Amino acid sequence: MPLQGEEPIPSPIEALGYRWIKRVSEGAFSKVHLTEYYEHTENRSETLACKLIDTKKCSEKFRKKFLPRELAVLLHVRHPYIVRVQAVIKCRSKICIFMRYAEMGDMLSFVIEHGPLGEPQTRIWCRQLALAVQYLHESAIVHRDIKCENILLSANLNVKLSDFGFARYVTEKNQHPELSTTFCGSFDYSAPELLKGKPYNPKASDVWALGVVLYMLLNKSIPFKGKTRQVYELQMTRSWKFRTRVNGILSPEVKTLVRSLLEPNPLIRWTIEEVLVCDWLMQDRRLRSLNADEFAALAEAKVFARSSADMERIKAKLRKVENSNQSVTMIKETETMHSARAHSDSLVSIRISLLDQRS
């Protein structure tokens, strides 16, 4: 049963096959619930996480700026190491984002429980996360909130990058990405150019955050601690070091990678492409080439063309007022819903064709 004051999934959305189980976590403008989706046509059920956003309780800036961006990105992304969104459904002021449930929790909890990880497992996760970031950057998307808490782990211990609340599209001129002016993300993972408070290259800041994640996996701690000014000075002077317990066992190659990611000058900080071909990742022969899913995702990213009309359609759906208390607005349909609708449309087309022939 819901807790007192709990606001689980609206009943019109539950009628589509979603069953509320329990609340998992809570953020500034959203709550995450564990749910089950039952597909009647295929007689199967699936455990999902549901990020529920109540737009009545959001700030105007979040509602008009960040929320449409997040939904636009979620409608687009499709990658083996990015959390899969099953459906996005609006019911009055509430928006439910249903996504794949991560059975093994988030990366931070995993590291806290198991301690510093060895290089073999860290190498696999670093590459998977780097491939996800490469896919986003090729698609002209920046995440801007990469951190261990936003990296989920599947039952097979594969990375699933999540939480696109600060993500946005960026344009490029002469191979230089559009600069960001919004300070967002987590302080512990923020690059020095963000702490400086001036326009910054968001792709380079994503790579810095990847460096903090890598450091965290190897050390079970963050590289910089303190208040803003103190942390900024430590970052700029490269005043960080590996913990004594791991410093003597880490390979020179992984140390080089961490130094290259935690480079305070964004102009010479390694790009995500340089990360993916570094000596440390190449040490594992299995990681030297893309598998079929990785290759297909990257190929799709390279030809993706975003239309400004996509964002306008999402904003229009967010503004839409449902006809009744029992109606919903589908912002992103499940594949089975989409297939059923396509089948229904084809039947209508056949009927129209037959009527045309009779006339």
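For clarity, every value in this text was computed on a predicted model and none was experimentally measured.
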Fill in: Pairwise side-chain hydrogen bond (donor to acceptor under 3.5 Å, both in side chains) hits with a residue in residues 110-122, at least two apart
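Those involving residues 110-122 are E119-S251, E119-W280.
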Worksheet item: Taking T329 as the fixed residue, which of R319, E322, K317, R92 is the one that meets the side-chain hydrogen bond (donor to acceptor under 3.5 Å, both in side chains) rule?
Response: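 Of all the options given, the one that passes is E322.
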Worksheet entry | Aromatic plane relationship, Y215 with F242 - under 30° parallel, 30 to 60° tilted, over 60° perpendicular |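 Because their plane-to-plane angle is under 30°, the rings of F242 and Y215 count as parallel.
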Discussion item. Ring-plane angle category for F166 and F66, please: parallel below 30°, perpendicular beyond 60°, tilted otherwise.
Written reply: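 The rings of F166 and F66 stand perpendicular, inter-plane angle above 60°.
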Practice prompt. Quick one: pull up CG in L234 and CH2 in W240 and give me the separation to the nearest 0.5 Å.
Written response: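 Between atom CG of L234 and atom CH2 of W240 there are 12.5 Å.
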For [X] and [Y], test the side chains for any donor-to-acceptor distance below 3.5 angstrom and give the result as yes or no.
| X | Y | result |
| --- | --- | --- |
| T237 | S239 | yes |
| N150 | S162 | no |
| Q86 | R100 | no |

Could you tabulate the donor-acceptor pairs under 3.5 Å formed by side-chain atoms of residues 290-300, not counting sequence neighbours?
{"from": "N291", "atom 1": "OD1", "to": "D293", "atom 2": "N", "distance (Å)": "3.1"}
{"from": "N291", "atom 1": "OD1", "to": "E294", "atom 2": "N", "distance (Å)": "2.8"}
{"from": "N291", "atom 1": "ND2", "to": "E294", "atom 2": "OE2", "distance (Å)": "3.3"}
{"from": "E294", "atom 1": "OE1", "to": "R127", "atom 2": "NH2", "distance (Å)": "2.9"}
{"from": "E294", "atom 1": "OE1", "to": "N291", "atom 2": "N", "distance (Å)": "3.0"}
{"from": "E294", "atom 1": "OE2", "to": "Y81", "atom 2": "OH", "distance (Å)": "2.5"}
{"from": "E294", "atom 1": "OE2", "to": "R127", "atom 2": "NH1", "distance (Å)": "3.1"}

Worksheet entry | Between Y18 and F98, ring centroids under 6.0 Å |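 For Y18 and F98, the ring centres are under 6.0 Å apart.
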Practice prompt. Could you check if a side-chain atom of S190 sits within less than 4.5 angstrom of a side-chain atom of F183, using non-hydrogen atoms only?
Written response: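 Side-chain contact under 4.5 Å: yes.
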Worksheet item: Looking at D206, I82, V142, which one forms a side chain to side chain contact (heavy atoms under 4.5 Å, CB included) with L136?
Response: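 Of all the options given, the one that passes is I82.
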